[in-house]
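We number each residue from 1, following the sequence as shown.
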Amino acid sequence: MTKTRTRRGKKTTAKRRGKPAATARVGAPYVTRNTTRTGGRTYSYVVLRYDEVDENGRKQPRSLLSLGSEQQVDEERAKSLADVMRDFVRPGSTMTVEELRALLGAAKPTLKILCSRQFGLRLLVEQAFADLGFKEVLAEIDSESRAQFQLERLVFGMVLQMVVSPGSKLRAAERLGDTVFYPEGDGMSVHHYYRALDLLQRHHERVEAKLRERLEAQGLEFKAKALDTTSSYFETDFDDLEWEQIAREDDPDRQVPPVVNDPPLRMRGYSKDKQPNKPQIVVEQVVSEGYVIDHQTHPGNTSDSSLLPKTAERLARLGLTDDVVLTADAGLNTARAREALSFEDVDWVMGEGRSKTKLAKEVLRCGGRFSQSPDNPDLGYRAHKRGDRLFVVRRNRAERKRELRVVDRHVAKVRKVLAESDRAEKPTSKVLTLMAHATYKRYVKRSKDDPERLVLNTKAVERAKREAGKSVISTSLLSLEPRLVDELYRLQFDVEDAFRTQKTGLNLRPIRHRRADRIKAHVLVAVMALNVTRHIERKTGMTLFRLRDLLTSITVQQVEVGGRAGVTFWQTVELSSEQKAVFKKLGFDLPLPRFQAELA
């Protein structure tokens with residue numbers, strides 16, 4: 001059926017949409033490109049078309065089929081279409097356009113991408129999680145507990161989230177599967193994650209025992225262990241004792257009852273996060289070969305000096321004190337701690353601090369030549385025996401230059417402030433700020449001639465310059481070379497790096513949990529995530545941040561072929577040579593190019 005319309009005074013014959021004119025002829029099909037521009041970007045699509053020619057010889061292009069994006073044209077599909085087209089354009093063919101469309105649809109089913117998910121880091125975390133024994137031990141706990149949820153998959157999901165995209169347990173329940181390939185989380189609510197934390201914490205020591213067993217099977221020997229502590233704060237403004245007081249108050253407007261931990265866990269103490277007003281916990285970790293092989297979570301008001309005796313007893317109970325050396329910083333070095341280590345027959349290397357004890361001050365003042373390190377000409381060592389301890393003074397020339405510049409800067413600042421006002425009785429705001437500063441105040445004292453005047457403490461300046469670049473280490477190993485004592489003490493950097501990664505890379509803080517068991521389980525998950533990260537980093541030689549950048553582009557798409565009645569599968573993108581090298585270094589399997597089963 002046709003209709004006649006007038007355009008600018010001319011009569012033209014137009015076809016109604018979808019129905020060709022009775023006298024129209026169909027030309028040979030051809031492939032062309034359609035280009036569109038949206039949001040500042042240009043998109044090109046490949047389209048199969050034919051020309052419809054009317055009785056006047058005018059051509060009207062008609063689309064038969066879209067072959068998709070120019071970059072994603074399927075070669076196999078194009079070959080299938082070519083066979084159909086040969087029949088259509090063959091001389092004497094009676095095939096109609098409608099028949100052609102049907103054959104084209106049958107030649108290759110329609111293809112639709114349903115979603116895309118990050119996949120690269122998931123593959124590394126999955127295999128490292130199994131390598132370290134976490135998969136095995138959690139599966140055993142799963143079968144023993146007969147819980148109505150999969151503990152192993154839920155804990156894996158929390159570890160995966162910390163490594164790939166750190167966030168809360170609520171986010172893991174609601175959003176993790178939207179960005180990362182984690183089909184195991186479908187149907188899991190935040191309550192499943194909380195229940196998994198409850199069960200995980202009850203098997204804390206068992207999980208870490210399996211880790212040590214696997215690492216020893218891989219050839220690691222835990223001959224040297226480094227111990228240190230850090231703090232991690234909460235978002236709440238009240239500690240457990242304050243919550244206990246709040247719980248006694250009858251507040252009809254309160255919808256959620258406060259959680260009170262007994263004994264208290266969320267407490268204020270010395271904050272290494274620079275959050276003195278926030279409740280916190282103290283996390284103690286033992287690191288060997290870069291892995292956290294043991295950890296404990298303590299109340300936030302626990303002092304470092306009180307921990308080491310209990311730690312020595314616990315490590316002995318776990319069989320971790322045989323033929324080992326334990327290193328710790330100056331905060332853990334007390335007479336009681338050294339006695340506890342001696343009682344358990346544990347050798348130790350600990351920091352002394354330049355002004356913590358009389359013995360440390362004495363060995364710093366002692367004369368003697370420094371023996372140069374064979375590996376670093378800037379390093380030198382001097383040893384002094386005092387009773388049952390060997391003291392090692394370490395000198396670093398490069399560090400000395402840096403510290404001297406800092407001292408000069410501090411002295412210049414003090415001189416400038418005191419030149420403006422040096423009255424101690426009626427100090428200006430600048431003087432008050434100076435006296436409140438932890439470093440500046442050590443260079444200020446009251447004048448002997450005029451106690452109301454503040455003057456530069458020249459003796460403190462001389463001492464700071466004399467001690468610049470020097471540090472003191474002590475050990476129970478009296479015959480050990482000073483250079484080896486220093487190398488053992490440098491293991492403390494592994495613990496500090498572990499804490500730094502947990503806090504900045506894995507989002508250990510701030511903690512949003514309230515119950516003590518879930519707080520401790522949250523720390524355990526962070527420790528597991530750190531060990532998975534370290535396992536991958538050690539084998540690849542790349543940091544977590546570099547791996548995130550490199551592997552984020554490895555995605556997997558859920559593809560539907562033939563509509564809902566057809567087939568659905570996951571298709572992995574092609575990996576670059578650098579990405580393949582990461583899997584080769586780890587000894588891990590490359591991702592399957594196409595799969596249907598959910599990963600287990």
Side-chain angles (χ1 to χ4, degrees), residues 224 226-230 272 274 287 290 304 325-333 348-386 389-415 437-444 456-475 477 480-501 503-504 543:
L227 171 70
D228 206 352
T229 65
T230 192
K272 298 181 181 179
K274 310 301 181 185
V287 176
D304 283 358
V325 177
L326 185 70
T327 70
D329 66 8
L332 296 165
N333 189 353
W348 51 266
V349 174
M350 290 191 276
E352 283 288 336
R354 290 190 292 220
S355 59
K356 183 179 179 182
T357 64
K358 291 181 179 180
L359 281 175
K361 294 177 182 178
E362 178 190 331
V363 297
L364 276 172
R365 288 194 300 266
C366 287
R369 298 183 61 183
F370 286 87
S371 58
Q372 192 179 60
S373 169
D375 303 321
N376 187 344
D378 283 339
L379 293 181
Y381 304 100
R382 196 176 66 205
H384 305 271
K385 288 185 180 180
R386 294 292 186 274
R389 285 190 280 172
L390 175 68
F391 288 82
V392 174
V393 180
R394 178 182 185 269
R395 184 190 63 189
N396 186 325
R397 287 196 179 97
E399 187 68 17
R400 175 177 172 77
K401 291 178 182 179
R402 188 193 69 82
E403 289 188 15
L404 287 175
R405 285 194 293 268
V406 172
V407 171
D408 289 340
R409 187 173 70 246
H410 290 164
V411 170
K413 172 72 172 179
V414 171
R415 289 184 188 277
H437 195 278
T439 301
Y440 291 142
K441 67 180 182 181
R442 72 179 63 164
Y443 300 128
V444 181
L456 182 69
N457 189 341
T458 55
K459 288 187 177 180
V461 175
E462 291 172 1
R463 183 170 62 251
K465 290 185 176 182
R466 185 173 59 250
E467 296 176 355
K470 297 176 183 176
S471 57
V472 183
I473 312 166
S474 65
T475 179
L477 300 166
L480 195 63
E481 290 183 36
R483 176 179 58 87
L484 298 178
V485 173
D486 182 47
E487 288 181 5
L488 284 171
Y489 186 67
R490 296 298 107 185
L491 294 175
Q492 285 300 116
F493 292 153
D494 290 343
V495 194
E496 294 169 6
D497 186 52
F499 287 137
R500 185 163 48 249
T501 301
K503 291 183 177 183
T504 59
T543 65

Below 3.5 Å, can you tabulate the donor-acceptor pairs from side chains in residues 401-408 to any protein atom, sequence neighbours excluded?
residue, atom, partner, partner atom, Å
R402, NE, E399, OE2, 3.2
R402, NH2, E399, OE2, 2.8
E403, OE1, R354, NH1, 3.3
E403, OE1, G469, N, 3.0
D408, OD1, K465, NZ, 3.4

Given side chains that start at C-beta, do those of [X] and [Y] come closer than 4.5 Å, heavy atoms only?
| X | Y | answer |
| --- | --- | --- |
| S371 | R483 | no |
| R442 | N457 | no |
| V485 | L477 | no |
| D329 | Y489 | yes |
| Y443 | R415 | no |
| I473 | D486 | yes |

If I take atom [atom1] from residue [X] and atom [atom2] from residue [Y], how far apart are they, to the nearest 0.5 angstrom?
| X | Y | atom1 | atom2 | value |
| --- | --- | --- | --- | --- |
| E467 | R400 | CD | CZ | 10.5 Å |
| H410 | T439 | NE2 | OG1 | 5.5 Å |
| R395 | L364 | CZ | CG | 13.0 Å |
| F370 | N396 | CZ | CG | 11.0 Å |
| L332 | T229 | CG | OG1 | 5.5 Å |
| L227 | L326 | CG | CG | 5.5 Å |

Legend entry - Residue pair R386 / H384, side-chain donor-acceptor N/O under 3.5 Å: no
Can a donor-acceptor pair be found, under 3.5 Å and without considering hydrogens, that links the side chain of [X] to the backbone of [Y]?
| X | Y | result |
| --- | --- | --- |
| R382 | C366 | yes |
| S373 | G380 | no |
| N333 | G351 | yes |
| S474 | F391 | no |

Inset, instruction - State whether the number of non-hydrogen atoms from other residues, nucleotides or ligands found under 6.0 Å of R463 atom CZ is greater than 12. - result: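 Not buried by this count: 12 neighbours or fewer within 6.0 Å.
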Inset, instruction - Count the heavy atoms belonging to other residues, nucleotides or ligands that lie under 6.0 Å from CZ of R369, then report whether that count exceeds 12. - result: no
Legend entry - Salt bridge flag under 4.0 Å for residues R500 and D497: yes
Inset, instruction - Not counting sequence neighbours, which residues clear side-chain contact (heavy atoms from CB on, under 4.5 Å) with A226? List them please. - result: T327, L491, Q492, V495
Legend entry - Contacts of type side-chain contact (heavy atoms from CB on, under 4.5 Å), residue T230, not counting sequence neighbours: K272, V283, F499, K503
Legend entry - Heavy-atom closest contact (D304 atom, G331 atom, distance):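 Here D304 and G331 meet closest at CB-O, 3.6 Å.
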Inset, instruction - Can you see which heavy atom on V392 is nearest to which on P482, and at what distance? - result: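 That closest heavy-atom pairing would be CG1-CB, 3.9 Å.
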